[in-house]
Structures are given as structure tokens and as C-alpha cells.
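See below for the structure under consideration.
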Amino acid sequence: CFFTFSTRLDDLRVKLENEGLVNISYVVVNHQGTYSQRKFHLLKESVSEYITVYQQDEQQPDVWTILNGNKDDFLIYDRCGRLVYHLGLPYSFLSFQYVEESIKIAYCENKCGNCSYTEPDIDGICENITKAADEELAEVEPKPAGQHSHHHNPHRHHHHH
């Protein structure tokens, strides 16, 4: 289980970096239970050096309780520290696109105006991501027989988080 999760998470990290989404922090929070505490070293060894593994102390308040989440959830924050998405099961399975798409949206949408943390040349990267997503959607969208169909793109703001 550790190996599959860590491999998929690192694959996602590499994929997003190759698409130009850089300076994203990935943190895995180990569960506070005794079993998870004993298996911490396996979890830490199974992720790459680019992914931080946070070990909770059994005596501290549980991180997942504080964040109103569960151990298998993904919480996606923008670079200003605002929670953008909270994905629970089954949406947190890395075999689905929900986590990846949520990271891309949090990275590219610009809800708060100009940001001093924006990466240089991010507009072009985010436009390419939006264009690719729209093309994929157009490919799977059924076209009514004998009728004129056209695709309306939702208006997207480019947020750099």
C-alpha cells in the first residue's frame, strides 16, 4: 500500500513539474495511531526525497481532526495558505484525475489578484493546461446526430497557486 501510493504521488509530482507546475510542496501526514507510528519508517522510505513525510506525535492534537479531515484525504492549499480543495475518498484515489485537476486549478486560478509568489511565465503554462483540458473534454463530449453542436468553455481565471 505504501509503495503504490508513494509511486503514484511521485509520478504525479514529476508529471506536473514536466508540465511547468513547479514549486509545489507535497506533504504526507502519517496517521497518529500506534500501527502507523510503527510503520513510519516504511512510509518515509517509500516516498521520494521531494515529498515530506510528517510524523505526528501521539500526545499532540491529531492533525486530521484539526483539519476536519481523514487520513486518506487530500487537502490542496494555494501558495497563500488558503484551502482550495478538500478531497476525500473516493476522490482522493490517485488513479483518478481529481487530485491532479484540483492541483492544476489551485495553481492556475488567480482569485486574489496579482501575487508576489507567482512563478515567471506561468500564464503560458496555465493556458496550455486549460487548452489541453478543453480539447480532452471536446473529444469525449457526445455530438447530437443531425444537430449543430458547439462547445461552450467555462470562463476560467488563471490563479497562480
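The structure presented is a predicted model; accordingly, all values stated were derived computationally and were not measured.
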Check this for me: Y91, atom OH, are more than 12 non-hydrogen atoms of other residues, nucleotides or ligands nearer than 6.0 Å?
no
When you look at OH of Y85, are more than 12 heavy atoms from neighbouring residues, nucleotides or ligands closer to it than 6.0 Å?
yes
Between the side chain of [X] and the main-chain N/O of [Y], is any donor-acceptor distance below 3.5 Å?
X: D78; Y: C80; answer: yes
X: E100; Y: K15; answer: no
X: E58; Y: G33; answer: no
X: N30; Y: S36; answer: yes

Set of residues satisfying salt bridge (charged side-chain N to carboxylate O under 4.0 Å, His left out) with respect to E45, sequence neighbours excluded:
none
Tell me, do [X] and [Y] make a side-chain contact under 4.5 Å, heavy atoms counted?
X: V29; Y: W64; value: yes
X: Y77; Y: L75; value: yes
X: L87; Y: D73; value: no
X: Y54; Y: V28; value: no

Closest non-hydrogen atom pair between [X] and [Y], with its separation:
X: F40; Y: V53; value: CE1-CG1, 3.4 Å
X: I76; Y: V99; value: CD1-O, 4.0 Å
X: D72; Y: S92; value: O-OG, 2.8 Å

Can you tell me how far the [atom1] atom of [X] sits from the [atom2] atom of [Y], to the nearest 0.5 Å?
X: C126; Y: E19; atom1: SG; atom2: CD; answer: 10.5 Å
X: S102; Y: Q97; atom1: OG; atom2: CD; answer: 10.5 Å
X: L16; Y: Y26; atom1: CG; atom2: OH; answer: 4.5 Å
X: Q59; Y: Q32; atom1: CD; atom2: CD; answer: 8.5 Å

[X] and [Y]: same hydrophobic cluster, using ILVMFWY side-chain contacts below 4.5 Å?
X: L67; Y: V27; result: yes
X: L89; Y: Y98; result: yes
X: I24; Y: V22; result: yes
X: I66; Y: L83; result: no
X: V14; Y: L12; result: no

Check: Q56/D62 side-chain N/O donor and acceptor closer than 3.5 Å
yes
We want to know whether Q55 and Q37 form a side-chain donor-acceptor pair, criterion being a heavy-atom distance below 3.5 angstrom.
yes
In terms of relative ring orientation, are F5 and F74 parallel, tilted or perpendicular, with 30° and 60° separating the classes?
tilted
Salt-bridge test for R13 and D10: reply yes if a basic N is under 4.0 Å from a carboxylate O, no otherwise.
yes
